[in-house]
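Quick notes on the structure that follows.
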Amino acid sequence: MKPLNLTEKILSQHLVGGGELPEAGVVITIKIDEAFTQDATGTMCMLQLEAMGVDSVKPLSVNFVDHSMIQSGFRNPDDHAYLESISKKLGIIYSPPGTGICHFLNIENFVKPGMTGIGADSHTVNAGGMAAIYFGAGGYDIALSMATGEYALPMPEVVNVNLTGSLQPGVMAMDVILKMLSIVGVKGGKGKIFEYTGPGAASLTLTERATITNMGAEMGASTSIFQSDENTLAYLESRGRAGDYQAMAADEGATYSSQIDIDLDALGPLIAIYPSPGNVEQVVDRAGDKINQVCVGSCTNSSYENIASFAELLKGKRVVVDTLLYPGSRAVAMQLANAGYISTLYASGVRVMENGCGACIGQGGSPVSGGLSLRTFNRNFPKRSGTDDAEVHLVSPLVAAASALTGVVTTPTSNVEIEATPQVDDSASFTMPLDVADRAAVEVVRGPNIMALPAFEALPETLTGEVMLKLGDNISTDDIQPAGIYLPLRSNVKEYAMQATYNQIDTTFADRSCAHRDAGGHGILVGRENYGQGSSREHAALCPRWLGIRAVVVAQFARIHVANLVNFGIVPLTFANIEDYDKVNQGDTVSIDVSNLEGNLTMTVDGQQIELVPAYESKDIAVLKAGGALPFFKANNNS
Ligand code: MIC
Ligand code: SF4
């Protein structure tokens with residue numbers, strides 16, 4: 001039998017119908033062992049699950065609350081109460097606010113080597129550090145997986161990343177993934193799974209591996225994975241889960257589509273310069289730049305090791321800039337407390353914040369106007385911090401610590417020795433599913449923030465309307481549908497669309513689009529490369545659809561966003577010739593014949609014909625015709 005790499009092994013063990021894996025690009029359906037959401041994507045996902053008529057989920061399922069944590073007003077608590085009660089009703093584990101960040105909790109408690117999973121958040125790929133294959137997806141896709149226990153995706157290419165050497169003093173796992181971003185770029189990972197092997201990979205701890213797989217999302221990768229070994233076992237033992245260990249590795253002689261080599265001995269501290277995680281430079285080249293703030297945490301860098309290393313550098317000294325710290329989970333916070341680090345942090349002047357996403361998604365912690373914030377997070381897109389003219393650079397926790405002490409970008413040089421990880425028991429944090437017999441009696445709590453899902457009509461034969469916005473490269477979902485202060489509107493599509501959609505780029509967009517929609521027009525968006533990069537938030541498709549957008553025409557899409565567009569009945573198309581981008585302008589009236597979605601399509605602008613290539617799969621055609629995934633599901637499953 002052909003030797004298999006680890007990705008092929010796990011995928012073929014989960015392939016529905018069995019058999020051999022097809023070549024890259026062909027759609028496969030896999031069995032899903034776990035599906036989860038977080039609060040900012042979870043309410044829509046649960047509303048869709050309810051609309052599907054599902055009364056019990058199939059795979060292990062979890063609803064985590066970690067994003068919308070600021071309870072200033074009824075909206076976020078309403079969302080939490082809805083999620084808690086619907087979890088009880090459908091057999092889903094509920095993780096209340098304060099327990100920690102979904103991805104961190106997932107590796108601490110649920111992921112085992114060899115598992116497959118999907119989550120309604122782009123950093124679900126974090127689980128790859130545990131030798132598991134996990135994908136980020138939009139809320140509808142999670143709902144479908146919870147209902148069926150399956151997920152369909154195009155078979156990715158598997159790229160080998162061979163790590164040699166070991167991390168040198170002052171260098172952390174964050175620098176490895178920043179190095180990858182400097183090689184691959186923010187869209188170079190599309191359609192790929194990065195499988196990390198070699199002695200350098202073996203030298204990393206489990207949470208270091210998770211830092212690397214986590215931020216693979218910023219390369220647009222489908223996911224990333226490490227093999228499991230004694231370091232995986234050591235981590236599971238520290239969580240009282242040794243029984244969940246299974247050795248998982250590639251076969252001897254396994255092959256890959258290509259290989260990237262990184263020598264960890266030669267790696268120095270790196271920094272991703274605002275406004276993209278892909279603008280990577282050496283920290284030494286930025287040393288001395290004045291900073292106004294430091295933030296430590298996020299699902300990328302909030303482990304015990306990360307924060308203990310940060311605290312070790314601070315011991316006996318005071319930070320000189322506003323410094324905020326968000327532990328990844330309650331267990332991490334307890335470990336830090338038991339090892340004495342919480343008091344080190346307080347004594348150094350650090351603001352110890354709640355376990356959760358916090359400043360990473362603009363829930364507090366915004367920097368001063370015109371300021372520069374150094375963050376150990378994974379994204380530094382414009383305005384994501386909540387301060388429009390502030391800049392954010394991304395660094396490791398050691399660079400963050402060295403810089404917090406000086407007030408300027410500083411290269412850490414010394415090695416830090418941290419206290420051994422204390423064992424803690426946080427097992428009472430989750431609300432476990434009720435017995436099946438008790439679920440029917442649960443009353444689902446729907447406060448005034450929980451609005452009904454909008455209904456969408458089927459696709460007409462021709463789309464005729466205006467180009468509502470003409471955009472450039474690398475439009476992120478933070479540009480399309482900002483989070484931050486708007487997170488409390490995640491369960492209210494109309495308000496979220498009217499207040500936030502594209503408001504950072506054009507404050508007239510929502511009103512113009514509504515008027516155009518109400519006059520019977522079909523809104524079209526035009527863009528270039530890597531459209532929809534970043535998060536998995538389906539609101540970046542759902543809200544534009546509510547505003548009457550029916551097609552998006554660009555040079556290239558990011559993976560998760562294109563699936564979300566299809567799920568909400570927006571036709572995703574690419575220019576056959578990118579020079580045609582110059583022939584279309586904002587405000588142009590265009591028409592696209594969508595009567596036949598097989599093969600290329602034609603867009604007519606000003607009497608000129610522009611050829612467009614579908615960015616959807618052939619399996620998506622019926623969904624688009626029905627006006628979206630939910631109308632399609634209902635038409636095909638309701639007897
Ligand atoms: C993010 O980091 O952008 C988020 C917030 O976690 C998103 C999900 C969301 O918008 O709810 C993600 O990464 O998918
Ligand atoms: Fe939360 Fe930030 Fe991670 Fe998104 S990237 S899940 S907002 S910590």
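Note that the structure is a prediction, hence the values are computed from the model and not measured. Indexing begins at 1, ligand by ligand and atom by atom, following the structure's order.
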How about Phe430 and Phe110: are their ring centroids closer than 6.0 Å?
yes

State if Arg490 counts as touching ligand 1 under the rule of any non-hydrogen atom under 4.0 Å.
yes

So if I count the atoms of ligand 2 from 1 in the order they appear, which ones are less than 4.0 Å from some heavy atom of His67?
1 (Fe), 4 (Fe), 6 (S), 7 (S)

Of the side chain and backbone of Arg384, name the one, both, or neither that has a heavy atom under 4.0 Å from an atom of ligand 1.
side chain

Sub-4.0 Å heavy-atom approach of His539 to ligand 1
no

What are the atoms of ligand 2, with element, lying closer than 4.0 Å to any heavy atom of Asn378?
5 (S)

Would you mind listing which atoms of ligand 1 come within a distance below 4.0 Å of any non-hydrogen atom of His67?
4 (C), 5 (C), 6 (O)

Side chain, backbone, both or neither: which applies to Asp121 and ligand 2 if a contact is any heavy-atom pair less than 4.0 Å apart?
side chain

for atom 13 (O) of ligand 1, nearest protein heavy atom and its distance come out as Ser122 OG, 2.6 Å

Taking both backbone and side chain into account, is any N, O or S atom of Cys299 nearer than 2.8 Å to atom 3 (Fe) of ligand 2?
yes

Using a strict 4.0 Å cut-off to heavy atoms of Ile361, name the atoms of ligand 2 that fall inside it.
7 (S)

Look at atom 1 (C) of ligand 1 and say which protein heavy atom is nearest, naming residue and atom and giving the distance to 0.1 Å.
Arg379 NH1, 3.2 Å

Numbering as shown, the atoms of ligand 2 that approach His103 to under 4.0 Å (heavy-atom distance):
6 (S)

Kindly assign one of parallel, tilted or perpendicular to the pair Phe64 and Phe36, based on the angle between their ring planes and the thresholds 30° and 60°.
perpendicular

Flag His123 as yes if one of its N/O/S atoms falls below 2.8 Å of atom 2 (Fe) of ligand 2, otherwise no.
no

Between Ser366 and Arg384, a side-chain donor and acceptor under 3.5 Å:
no

Does an N or O anywhere in Gln38 fall below 3.5 Å from an N or O of ligand 1?
yes

Select one of side chain, backbone, both or neither to describe which atoms of Asp121 lie under 4.0 Å from any atom of ligand 1, heavy atoms only.
both

Ser536-ligand 1 polar pair, N/O distance under 3.5 Å
yes

Please determine whether any non-hydrogen atom of Gln38 lies less than 4.0 Å from an atom of ligand 2.
no

Near Ser298 (heavy-atom distance under 4.0 Å), the atoms of ligand 2 are 8 (S)

Check the angle between the aromatic planes of Phe135 and Tyr151 and answer parallel, tilted or perpendicular using the 30° and 60° thresholds.
tilted

Look at atom 12 (C) of ligand 1 and say which protein heavy atom is nearest, naming residue and atom and giving the distance to 0.1 Å.
Ser535 CB, 3.1 Å

Protein contact of atom 10 (O) of ligand 1 - nearest heavy atom, named by residue and atom, plus distance:
Arg537 NE, 2.6 Å

